[in-house]
Enquirer: 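I am attaching a structure below and will ask some questions about it afterwards.
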Amino acid sequence: MNLFSKYSGSSDLLAGDLGRLSGSYVPESFPHRETEIDHIVRILSSIMRDSRPSNILIYGKTGTGKTSTTQYVTKMLSEAAGEKVRVCFVNCQVHDSPYSILTTLVNELSEGKDDLIPPMGWPLDRIYGELIARINGKGGYYVLVLDEIDRLLQKNGGDSLYVLLKVIDDSTSSRTSLIGITNDANILDGLEPRIRSRMNQESILFSPYNASDLRDIISFRLKGVVKANVVEESAINLCAALGAQEHGDARKALDLMRISVEIAMREGRKTITDKEIYEARDRFEMDVVKEAIKTLPLQSKIVLLSAVVTQELSSKLMITGEIYENYRNICNELGFMSLTSRRVSDILSELEDFGLLSATTRSMGRYGRTRFIKVMGQLDLFKKHLLEDDNLSMFQGSRIVRQSRFENVFGNKEERNLTDRELENKLSNFADADLQ
DNA sequence: ACTCCACAGGAAAATTGGGGTA
DNA sequence: TACCCCAATTTTCCTGTGGAGT
């Protein structure tokens, strides 16, 4: 028997392309999204009648199908209207400055390689002018889709969006429409009313899928991917239930199913049961952590490393100052420049956003007000991932200290005599109380 | 009531670094 | 080559703050 046969494409399980289960796949049909699709189509169809469609704002949590639905609809629009329409799709998570968005748009509209704008260097108004010129230069309608538009707004208070709305004004006979996609329902709150009203001409809410919606979606996507009776009914239900727990996240549910299938294939199993789904979930979570750590910028890695080794010394909650001290020690040992505490403070917040740390600010009266921090996950695993970075692999950790500040913190006689265990419990209670 | 710790986190200045033009 | 423009990143400087100690 050939060694590779069990890894080859012709598996006992597969009947089609696993890619159908991936998040970026745009299927040919969207169960439980018919009304939303119809709504978008109705708005955009005014192009067919030669008038400009309203701007659209699409709300919905992650994995509710906002992006792929929009891609699907705009693709259909392009096919139906042909040369008349040009759709530009920009992900604001990647391009979050006015500069970056404008260049991306201009380059989307470019014909050849020679009229591309370099990724840096041009003054903003020149790019802006170029964009207007290109839009006006060619006829037809333009639909600008801004995915993850909230990124844009939180970054610099709507400047970028304002610039884009100006593009719409300045394009002659107003043939440009905007579609904004966001998962934050309140993004428009802080904006100027005139921007708000123009962005909000039409808004569409993508409500979270419930478990039975998800079941339909998973079944639908599985069709043609796996052979009949390979996936147990209960496994689909479990997958749907897990996805529903995460605010109705179809992407996650599909990811779980895809990983389950991969696991089953690799292990040579014939069916996919609840067991495979649970395994997939465990692997998924591990991969997420690993990936998150691996892609961290160097300085963030050092800060995280500092947190990890500080916590290794004792499981007490850490405070910002301790982590910063040890961070400086690590920088010293490895010969890196160390950042200011102000910056490290922000990095700690970023790490918290990633879910790698948990932090709660609390005041200890006379002994200051600071964040109580702990590492969310297995220390040794974190450390292993961190040390895989060539820049950190030499780390020894000889100078790491755990200042016994908490002895000062609990300066009164009773608490000074607490054992480590008791102190830890006390601090944990503090933290838990604040973690909802 | 007042002090004062040990920071949080906002605002603005300064630095860095790509890319341009004279 | 020198110098300017621009955006992003960091530093500097700053004000704010909850509550134990006094």
Enquirer: Can you name the salt bridge (charged side-chain N to carboxylate O under 4.0 Å, His left out) partners of A/D255, sequence neighbours left out?
Expert: A/R258
Enquirer: With axes from five pairs an end, tell me the bend angle of the helix from B/dA1-C/dT22 to B/dA22-C/dT1, nearest 10°.
Expert: 30°
Enquirer: Run the salt-bridge test on A/R402 and A/E312 with the 4.0 Å N-O cut-off and return the result as yes or no.
Expert: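 No, A/R402 and A/E312 are not salt-bridged.
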Enquirer: Just grab all the ring-ring contact (aromatic ring centres under 6.0 Å, His included) pairs involving residues 70-91 of chain A, residues at least two apart or on different chains.
Expert: A/F30-A/Y72
Enquirer: Report the residues that fulfil salt bridge (charged side-chain N to carboxylate O under 4.0 Å, His left out) with A/D287, sequence neighbours left out, ordered by chain and then residue number.
Expert: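 Salt bridge (charged side-chain N to carboxylate O under 4.0 Å, His left out) check on A/D287 returns A/R283.
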Enquirer: C/dT10 C1' sits how many Å from A/L298 CG, rounded?
Expert: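 The distance from CG of A/L298 to C1' of C/dT10 comes to 15 Å, rounded to the nearest Å.
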Enquirer: With sequence neighbours excluded, what pairs up with A/S54 under the side-chain contact (heavy atoms from CB on, under 4.5 Å) test?
Expert: A/I43, A/Q201, A/E202
Enquirer: Holding to salt bridge (charged side-chain N to carboxylate O under 4.0 Å, His left out), I want the full list of residues that pass it with A/K66, two or more places apart in sequence or in another chain.
Expert: none
Enquirer: Do any N or O atoms of the protein come closer than 3.5 Å to N or O atoms of nucleotides 16-18 of chain C, and which pairs are they?
Expert:
unit_1 : atom_1 : unit_2 : atom_2 : d
C/dG18 : N2     : A/S363 : OG     : 3.2
C/dG18 : N2     : A/G365 : O      : 2.7
C/dG18 : N3     : A/S363 : OG     : 2.5

Enquirer: Measure the distance from CD1 on A/I347 to P on C/dA8 and round it to the nearest whole Å.
Expert: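 So the CD1-P distance, A/I347 to C/dA8, works out to 18 Å.
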Enquirer: Applying side-chain contact (heavy atoms from CB on, under 4.5 Å), can you list everything that pairs with A/E83, at least two apart in sequence or on another chain?
Expert: none
Enquirer: For a quick check under 3.5 Å, do A/T69 and A/R33 share a side-chain donor-acceptor pair by atom type?
Expert: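 No, A/R33 and A/T69 have no side-chain donor paired with an acceptor closer than 3.5 Å.
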Enquirer: Once you round it to whole Å, what is the distance between P of C/dG19 and CZ of A/F372?
Expert: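 Those two atoms, CZ and P, are 12 Å apart.
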Enquirer: Between atom CD1 in A/I373 and atom C1' in B/dA6, what is the gap in whole Å?
Expert: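 Atom-to-atom, A/I373 to B/dA6, this comes out as 13 Å.
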Enquirer: What residue pairs, at least two apart or across chains, pass ring-ring contact (aromatic ring centres under 6.0 Å, His included) with a residue in residues 292-342 of chain A?
Expert: A/Y324-A/Y327
Enquirer: Applying ring-ring contact (aromatic ring centres under 6.0 Å, His included) as the test, list every pair that has at least one member in residues 380-400 of chain A; sequence neighbours left out.
Expert: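 As it turns out, there is no ring-ring contact (aromatic ring centres under 6.0 Å, His included) pair with a partner in residues 380-400 of chain A once direct neighbours are skipped.
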Enquirer: Can you name the residues that form a salt bridge (charged side-chain N to carboxylate O under 4.0 Å, His left out) with A/R342, not counting sequence neighbours?
Expert: A/D346
Enquirer: Does anything in residues 333-346 of chain A come within less than 4.0 Å of DNA chain B? Heavy atoms only, and list the residues if so.
Expert: A/R342, A/S345
Enquirer: Look at A/S349 and B/dA8 and indicate whether a side-chain polar atom (N or O) is within less than 4.0 Å of OP1 or OP2.
Expert: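 No, no such contact exists.
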